[in-house]
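Treat the numbers as computed from the prediction; the structure is a model and nothing was measured. In this chain, numbering begins with 1 at the start of the sequence shown.
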Amino acid sequence: MTAATPNRELTVADALTGDVLSGGGQQPGFSQPVHDAQRVFRAVLEALGRPTLPQALPRVVVPPAPLGAAAGAILLALCDDQTPIWLDKALRASADVVSWLRFHTGARIVDEARDALFVVACSPSAAPPLADLAAGTDEEPHRSATVVIDTTGARGTGSFTVTGPGVDGEALWDGAGLPGRFLAPWAQNHALFPRGVDLILASSDPHGDTVRGLPRSTRLDGTENRSVN
């Protein structure tokens, strides 16, 4: 994990008041790169270790729109020059988002989702099909994609029972933040284990940022709301 170190400590308040990094006019990243990255990383690990349960995420960055604060913090904590990133159409169209991610992570932005280790969507409907993404290999299952979806304001997509490692028996979940018609593709992804794609659902709202994890080892059963696209 890498992070650009500014000449002085920059804060979220700097971004809110319009102050930016010298050189390139970039909005600030983490004000305390090591400390902030560790806090975000621990929250993501907890989310993946306790699938679908929301975990509090510190508000430590203000990325350029349309990249959300929660998703931006996760990308800065997890990505470096060894983790190519794919951005959905809206994110890729923002030169500010592209340059911010490149500057603070060193990551390459790739054109094809199948070439990425991190796939980023600013809404559930913008996420590409799971089958189109890198699933790793039996020898290197970790060489698979992680999908980061900004789920701010997302509504439930159905009624699901969650089972698998990290779940105490079973849990109930409304699937808020999942793409529509998700159960069948997820079942196919789950069947690939130990290969497969993992999901990180990031939400930012006035009450605070949260992250939920849906690792490939998690099974979802239930019914979907077919009106969700």
Side-chain angles (χ1 to χ4, degrees), residues 44 47-49 51-52 66-68 71 74-75 78-79 82-93 97-98 101 107-152 154-167 171 173-203 211-229:
V44 173
L48 290 169
T52 73
L67 184 62
I74 290 166
L75 293 174
L78 301 184
C79 296
Q82 300 300 310
T83 54
I85 299 172
W86 178 90
L87 303 172
D88 71 23
K89 185 176 180 180
L91 293 170
R92 186 64 185 265
V97 169
V98 171
L101 287 172
R108 291 186 299 114
I109 309 300
V110 297
D111 294 327
E112 301 294 334
R114 65 174 177 269
D115 296 328
L117 290 182
F118 281 85
V119 172
V120 190
C122 61
S123 69
S125 62
L130 298 179
D132 292 350
L133 307 180
T137 65
D138 290 334
E139 294 77 19
E140 294 184 300
H142 61 282
R143 299 297 297 174
S144 60
T146 297
V147 183
V148 179
I149 303 177
D150 189 330
T151 63
T152 302
R155 298 182 178 181
T157 61
S159 178
F160 305 115
T161 300
V162 184
T163 55
V167 181
W173 184 39
D174 67 358
L178 294 179
R181 302 182 183 276
F182 183 77
L183 272 183
W186 184 253
Q188 295 169 359
N189 181 68
H190 175 69
L192 295 175
F193 187 83
R195 297 185 296 125
V197 173
D198 302 315
L199 264 65
I200 296 174
L201 308 179
S203 179
V211 57
R212 298 176 192 256
L214 190 64
R216 67 197 77 175
S217 58
T218 301
R219 176 170 175 166
L220 291 180
D221 295 289
T223 58
E224 294 177 289
N225 180 354
R226 291 296 179 177
S227 66
V228 178
N229 294 323

In sequence, state the C-alpha distance, the side-chain angles, and the governing distance for Thr218 and His190, and then conclude on side-chain contact (heavy atoms from CB on, under 4.5 Å).
CA-CA 7 Å; Thr218 301; His190 175 69; 5.8 Å; no
Of all heavy-atom pairs linking Leu133 and Ala113, the shortest is CD2-CB, 3.6 Å
For a quick test of reading the model, state the closest non-hydrogen atom pair linking Val98 to Ile109 and the distance between them.
CG1-CG1, 4.1 Å
Reported OG1-to-CG distance for the pair Thr146 and Leu48, which is rounded to 0.5 angstrom:
7.5 Å
Are Arg92 and Asp111 close enough, and set up right, to give a side-chain contact (heavy atoms from CB on, under 4.5 Å), and what steps lead you there?
CA-CA 9 Å; Arg92 186 64 185 265; Asp111 294 327; 3.1 Å; yes
Could you tell me whether the side chain of Val44 reaches within less than 4.5 Å of the side chain of Ile74, counting heavy atoms only?
yes
Output the distance between atom CZ (Arg143) and atom CZ (Arg195), rounded to the nearest 0.5 Å.
15.0 Å
Would Arg216 and Asp198 pass as an ion pair if we require N to O under 4.0 Å?
yes
Decide, yes or no, whether a salt bridge links Asp174 with Arg155 under the criterion of side-chain N to carboxylate O below 4.0 Å.
no
Hey, mind stepping through Leu178 and Phe160 against side-chain contact (heavy atoms from CB on, under 4.5 Å) and telling me if it holds?
CA-CA 11 Å; Leu178 294 179; Phe160 305 115; 4.2 Å; yes
With sequence neighbours left out, write down each residue that passes ring-ring contact (aromatic ring centres under 6.0 Å, His included) with Phe182, or none if nothing qualifies.
Trp186
Heavy-atom closest pair, residues Val119 and Ala145
CG2-CB, 4.3 Å
Which pair of heavy atoms, one from Ala71 and one from Ala202, lies closest together, and at what distance?
N-CB, 3.7 Å
Side-chain contact test, heavy atoms from C-beta onward, threshold under 4.5 Å: evaluate it for Leu87 versus Leu101 and give yes or no.
yes
Contact between Asn225 and Thr157 at the side-chain level, heavy atoms closer than 4.5 Å - yes or no?
no
Output for pair (Trp86 CH2, Arg114 CZ), nearest 0.5 Å, gives 12.5 Å
With a 4.5 Å heavy-atom cut-off, do Leu130 and Pro179 have their side chains touching?
no
Take Leu214 and Leu220 through the test side-chain contact (heavy atoms from CB on, under 4.5 Å) and record every step on the way to the result.
CA-CA 10 Å; Leu214 190 64; Leu220 291 180; 4.1 Å; yes
Cys79 side chain reached by Ile85 side chain, heavy atoms, under 4.5 Å
yes
Can you name the side-chain hydrogen bond (donor to acceptor under 3.5 Å, both in side chains) partners of Ser217, sequence neighbours left out?
none
Report yes if the side chains of Leu199 and Arg212 come closer than 4.5 Å at any heavy-atom pair, otherwise no.
no
Taking every heavy atom of Asp88 against every heavy atom of Ala121, the minimum-distance pair comes out as OD2-CA, 3.2 Å
Interatomic distance, Ser123 atom OG to Leu91 atom CG [nearest 0.5 angstrom]
9.0 Å
Quick check: closest heavy atoms across Leu183 and Thr223, and the distance to 0.1 Å?
CD1-N, 4.4 Å
Sequence neighbours excluded, the answer for side chain to side chain contact (heavy atoms under 4.5 Å, CB included) partners of Asp221 is Arg219
